Structures are given as C-alpha cells and as structure tokens.
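Presented below is the structure to which this report refers.
Since this is a predicted model, take the numbers as computed values, not measurements. In listed order, ligands and their atoms are each counted from 1.
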Amino acid sequence: MHFHILTLFPEMVMHGLSESVIGRALERGILSVSAVDIRDFTLDKHRKTDDYPYGGGAGMVMQAQPVYDAWKSVADRIGRGKSGARVRTVYLTPQGRLFSQELAKELAKEQDLILLCGHYEGVDERVLEEIVTDYVSIGDYVLTGGELPAMVLTDAVGRLVPGVLNNQMSAETETFHGYLLEYPQYSRPAEWNGRKVPAVLLSGDRKKVREWRLGQSVERTGARRPDLYRQYQRLEACLGVLRREKLHHTDMTELIARGQAELICADGADICLYDKNSGAYFHTAESVPKGLAALAALCEHAGGRCVQEILLALHQDFMAEEARRQYEAEVLMECRQAVYTGNVKLPVSGLIRSGEGAEEGLPAIRPLGPEHLSCVAEHYDSVDREYLDDQIRREQMWGAFDGEELLGVAGIHKEGSIGMLTVFPEHRGKRLGKALETFVVNGILECGFTPYCQIEEGNEISMRLQKSLGLYFSGEKLYWMKLRLHR
Ligand code: ADE
C-alpha cells in the first residue's frame, strides 16, 4: 500500500514513520510512504504557499494552486482515472469524521491513499472541493497542523495491511474488536517490585488463561469505557437468545464472537445485525410484525450508508416470503448451515503434507498470493474477481499445491463462513476438497472461533463432505436475498 502525504514539513513525516513496525514494513517494501513537499509546487518566486484570508480575520490560508498541483502530480502518477474512480484523498482536519478502527479497516483496502496536511488557518475551500474525498479528524482537539494526524492514520491503517504485523491475527483480535478492551499483559520476571504476575498465567492451562483474560477484558471495559461496555452487554444478550437455535444461528453468533457485528435492533427473539466486514445484514424473527419492523430498521440503516442494494441473510421461510412480497427482494441462495461443533482439530494425517520430504503425493496447503488471482477467478465464478482479490489480499484464501502447481482452493467469506471450495477438474477424486476444508476448519479453531459453512440446497457432494468431516446441519433453511432500496 502506498501513502502519499502532501505536507509543508516532509522531513517531520518521514522521520516519524521510519522507525519500528511501520519503518520495517517500509524497508521490506510492503508499505511505501512518500512525503510530497507542497512548497515545491508553488509558482510564487518567494516560494510562498499561503496568503491572507479574503474577508479578513486572523492567520493565513494555504493557497489552492500549490496544493492542487502537488495533489495532481501524485494523482497523475498513480493513474487517476484509470478505473474512472477518484483517488482516495483524505484531508486531516478537526472538522472531519472521527477516525476509528472501522475507518482504518476501510482505508486499508486502498492501494494508494493521498493524505493532505493543512496548516495555518486552513486551506482554500475551492481546492478542497476539487480533490478531497474524506475529511478525517483524529479527535476533538486542535493541533498546529495535519502532520501528526497523518502519521497516526498511516500507522493505524498501515499495520492492518497483510504482512506488516508478523501475526495477522493479532491485528484482527484485539482492543475494540467486539467492543472489549484488551486484557492486561505481563512478562518476565514473575515478580517485580513485590508485585506478582497473576498465578493463572503461569499455570499452563490455556482454557483457564482464556477465561481469565476475557474476565479481565470485561471488567476493564466496564470500568474504563462504559460506552463500549453497554454495546458489549447488548450483544451478549443477543448471543443468549441466538444460542437457543445454535446451528441455525451460527452465522450470527460468529459475527458477534469475531467482533464484526453491529446491532441494528433486538426485541426478544427478533434480532438484526449488520456485518461491518461484508456490509451484509443478518436477520432472525419470531413473528411477521416484529420481523417486518426489523426489516424496516435495517433498510433505514442501509439508507444512511447511501447504498442502493443490500445483501440480507434471512433465517425464516415466512420472512423470505414477506421480503419477496413487500420489498420485491430476490432469493440468491437457499441453503443450510453446517457447523463444526467440536473444539478438537480435525486429523490431517494422510490428507495434507506437513513436513519436508514426507508424505509423498499429498498436497501442501498455503495462503494464496495476488499471482494466483487469475487462476482462481477462472475456476470459481460464483463471486466477482474484486471479491476474490480482496480475500486473497486479506489472507483469507488458501490453495492446495503440488510443488508450484495449484490444484484447488478454499477460503473464508467476509462474513465468516467457509466457502469458495473448488478443486480444479483434472484433480478431482483425490480428497483435495477434504484436505482444503480440514485445513480451514483447523485454522478457524486455532483462532478460537467456530467453523461453519452454508451449503446450497441440493448440493449433495458438499453435504457428503460436510458429514464426513463431522459437521452438523441446521434443520431450517437460510435465505440469502438481494433487496433494492428506493424502488
Ligand atoms: N489538524 C489539526 N487538528 C487536527 C485533528 N484533531 N485531527 C485532524 N487534523 C487536525
């Protein structure tokens, strides 16, 4: 990912970002930061970039021309207009949308990001109107310029880019994820200054350690961030309700467990969640009136996001019918949920190559890279290329390989289900599907989550595979639907 920072203080920005984790990612070429000196673009013979504000008032205003020309030098270079889209250009200002982990995740999907740092009393409004796509503030206080906010944003976004942190899961499962703050951490020595490390952390009992950490997170969130704690409590109450029909609601309980869920509404057994990762809505209902009220609430939420079309997972036949009748929603897929309910990993022996030289003839399974995109897209067309590209970049897709030859693939969908399982035609019948799914199931278990997939009605081959792996099927159907707003 490339950050282009338009600034009057390029050295400040480059120094600030050249150390530690981001510095190492720059050295390894995973990220790049270029600080573009706005002063280099002024046409003024004294290299001036600011002037007095029209209408009077204190301070100086950064002029439009040097800012625009600096921006254009970058936009032209990175191919603005290649795809017809505007380059994402963030102006750091206390008047912007409050920066959050959610926005960091959204921005981390971009290939290039231009950050504009203001100074003095601001920037001529006309150039902002011309180039800025996002106004972002890092907090309700005023700094002397946009350089520190640009560095904050670069750090928070950069660390989410795959490969920047050694362990990608640690970027995904930490503070704020699922509305809980992180638990306290300790390192050696076991006693310092008369203070001992909590005994449970020395016990070696991983289950007890997990429980203790969760307890600490809950307690800490309650004490330090009552706003987040209330959200956590509301989602916990939903979990209690959803678990009454565990298999049928695993998609929804996993959204909560994985920290992706935003609660749209909850009224007893009628619950609607928004998945912050995929943008899809998940809806379960006990009765038509309450179900319709929840449907109206989610349409309002989607309206606020300015989307025209929404993806919706409905968990009751009667609601699928209502959505069809009242909203002209279209059924994309009728399926059943299959869930791995155990917590012991599946055996891999005889399925997956695990060591060098051993297990002749078995596939090695490893993450896919961007170089595999075309091959995957050729064999799997149920989702578009952009989606596959996204999932590969986020390290959510794996391939079965014989040496360098790709034999088949599987992955995790944005909302969390295992999917995109495809064995290429000439390699079928070699238990590669089982090998791939086993690998993904075990990976999800390692993260402490519940593996599940959604099997389209009538897909007997996949049903047999799920049963052979020990997954249990929900008795009820789930409907993926597409609903158009503002018909
Ligand atoms: N520029 C000055 N103060 C700022 C803030 N709080 N956030 C973003 N940009 C700024």
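Residue Ile138 has at least one nitrogen or oxygen atom sitting less than 3.5 Å from a nitrogen or oxygen atom of ligand 1, judged on distance alone. Annotation: Thr93 places an N or O atom under 3.5 Å from an N or O atom of ligand 1; distance criterion only. Considering backbone and side-chain atoms alike, Leu143 places an N or O below 3.5 Å from some N or O of ligand 1. On a distance-only criterion, Val136 and ligand 1 share no N/O pair closer than 3.5 Å.
Given atom 10 (C) of ligand 1, the protein heavy atom at minimum distance is Pro94 CD, 3.5 Å. If you check which protein heavy atom lies closest to atom 5 (C) of ligand 1, you get Tyr141 O, 3.8 Å.
Exactly one residue among Thr253, Val339, Val441, Ile444 makes a side chain to side chain contact (heavy atoms under 4.5 Å, CB included) with Thr450. That residue is Val339. For the side chain to side chain donor-acceptor pair (under 3.5 Å) criterion with Ser417, the lone passing option out of Lys414, His413, Glu415 is Glu415. Considering Ile5, Leu128, Leu92 in turn, Leu128 is the only one that fulfils the side chain to side chain contact (heavy atoms under 4.5 Å, CB included) rule with Leu116.
Counting heavy atoms under 4.0 Å from ligand 1, residue Pro149 touches it through the side chain alone.
Looking at Asp50 and His119, their side chains never bring a donor and an acceptor atom within 3.5 Å of each other.
Taking the six-membered ring where tryptophan is involved, the planes of Tyr91 and Tyr135 are perpendicular, since the angle between them exceeds 60° and thus also 30°.
Ligand 1 has no atom lying under 4.0 Å from any heavy atom of Gly118.
Distances below 4.0 Å separate heavy atoms of Leu92 from the following atoms of ligand 1: 8 (C), 9 (N).
A salt bridge is absent between Asp389 and Arg385: the closest approach of a Lys/Arg side-chain nitrogen to an acidic carboxylate oxygen does not fall below 4.0 angstrom.
Counting heavy atoms of neighbouring residues, nucleotides and ligands inside a 6.0 Å radius, atom CD of Gln185 exceeds 12 of them.
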